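Since the structure comes first, as structure tokens, the remarks are kept for the end.
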Amino acid sequence: MNAVYENGKILLSADASIFNLAQTLECGQCFRWECAEDGAWHGVSSGKALRVRQTEQQIIFEGTTEEEFQTFWSDYFDLNTDYERIHKKLCERNAALRLAAVSASGLRILRQEPWETLCSFILSQNNNIPRIKKIIETLCSCFGEKLPGGEYSFPSAEVIAELSEEDLSPIKCGFRSKYLLDAAKKIAEGKFDLHAIEMMPTEEARKMLTMLRGVGPKVAECVLLYGFHRLEAFPVDVWMTRAMTGLFPGESPDSFGEYAGIAQQYIYYYSRLHPELFSGDAPETSTSKEIGALS
DNA sequence: GTCCAGGATCGGA
DNA sequence: TCCGATCATGGA
């Protein structure tokens, strides 16, 4: 993708069918992006704040520099991966996956910071997205560092490791606080090397992550996919279970191949877009008939 | 009041 | 190995 620097902004030529901000930032992979009334998205990652918005032909990045864009945001938004090719490949699998894929063709898997991703998905268990976002926002404003623009960074493992359950009570994360503290202490004390996951085969990385308390199969898959960009990871939550039953009856999650994680995001996005189709007592609609006709 | 949410853990069958 | 209860919290 072609990016030019102009008047303090980065202008990236991109069609929404290839890079769609709303699809990317609202698909449940990240929790620190908010859309303002003017349509611009505001977010923070690795202690850097950004405003970004989408027009007909462009993605416009503001509040960053050319240097920071090239060395950080370009990687964060995974601009060097050819999603057009992957999307096409997944569309060829079958009609059900094509249905999901076309609903989210501009979705990209962000390359998020592993520690923040681990914490976020520990906090996600048995919880809903609006509340997860609220908890993380409060965690950052209470214990993160204030950035020049007034935003807060995500607190490091070392900072959280020094806290008690009582210290964490304002963030109202309930029973998850002990999991958060346990992970922070193990990592801060060097008993768990999160950085080492980067070099591990995915299967070994899975086992390693689930050794942390509060990290089961689902959370581990999310950390692998969103924090370590293992595109073969395939998280299954209650939404995915319903969507799999409806769209891919009898099929195993590991039948989706090397880009299973992206397929999973298409399916997840599609199921959230049409919750009525997978609720069990769905009324008969043209789309549900279409789904029924697939199998 | 009940049910549910990007689940994991625990004890008992 | 499998299954159900339980875990905080808040919105629907």
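Per chain, numbering begins at 1; letters A, B, ... match sequence-line order. A quick note: this is a predicted structure, and the numbers were derived from the prediction, not measured.
If you check the side chains of A/Gln265 and A/Tyr226, you find a donor sitting under 3.5 Å from an acceptor. Checked by atom type, the side-chain pair A/Thr117/A/Gln112 shows no donor-acceptor distance below 3.5 Å.
Every residue meeting the side-chain contact (heavy atoms from CB on, under 4.5 Å) condition with A/Ser164, not counting sequence neighbours, appears here in chain and number order: A/Glu166, A/Asp167. Checked against salt bridge (charged side-chain N to carboxylate O under 4.0 Å, His left out), A/Arg53 has the following partners two or more places apart in sequence or in another chain: A/Glu62. With sequence neighbours excluded, the residues that form a ring-ring contact (aromatic ring centres under 6.0 Å, His included) with A/Phe19 are A/Phe77. In this structure A/Arg111 satisfies the salt bridge (charged side-chain N to carboxylate O under 4.0 Å, His left out) test together with A/Asp75, A/Asp78, sequence neighbours excluded. Here A/Lys186 pairs with A/Asp182 under the salt bridge (charged side-chain N to carboxylate O under 4.0 Å, His left out) rule; sequence neighbours left out. Scanning for salt bridge (charged side-chain N to carboxylate O under 4.0 Å, His left out) contacts around A/Glu66 gives an empty result, with sequence neighbours left out.
For the segment residues 166-174 of chain A, the set of residues with a heavy atom within less than 4.0 Å of an atom of DNA chain C comprises A/Lys172, A/Gly174, in numerical order. Only A/Ser124, A/Gln125, A/Asn126, A/Asn127, A/Asn128, A/Ile129, listed by number, bring a heavy atom of residues 124-144 of chain A to less than 4.0 angstrom from any atom of DNA chain B. A heavy-atom distance below 4.0 Å to DNA chain B is reached by these residues of residues 212-221 of chain A, ordered by number: A/Leu212, A/Arg213, A/Gly214, A/Val215, A/Gly216, A/Pro217, A/Lys218, A/Val219.
Checked for salt-bridge contact, A/Glu26 and A/Arg272 miss the test: no charged N lies under 4.0 Å from a carboxylate O.
A/Tyr226 comes within 4.0 angstrom of a base, heavy atoms only. If you check every strand for non-hydrogen atoms under 4.0 Å, A/Gln265 touches a base.
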What donor-acceptor contacts under 3.5 angstrom involve side-chain atoms of residues 134-151 of chain A, with partners at least two apart or in another chain?
from     : atom 1 : to       : atom 2 : distance (Å)
A/Thr138 : OG1    : A/Lys134 : O      : 2.8
A/Ser141 : OG     : A/Glu137 : O      : 3.3
A/Ser141 : OG     : A/Thr138 : O      : 3.2

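Taking 4.0 Å as the cutoff to heavy atoms of chain A, we find the contact window on DNA chain B bounded by B/dA5 to B/dC10.
With a 6.0 Å cutoff to the six-membered ring centre and a 45° limit on the axis angle, A/Lys89 does not count as a cation-pi contact of A/Tyr259.
Sorted by first and then second residue, the pairs that involve residues 9-22 of chain A and meet side-chain hydrogen bond (donor to acceptor under 3.5 Å, both in side chains), not counting sequence neighbours, are A/Asp15-A/Ser17.
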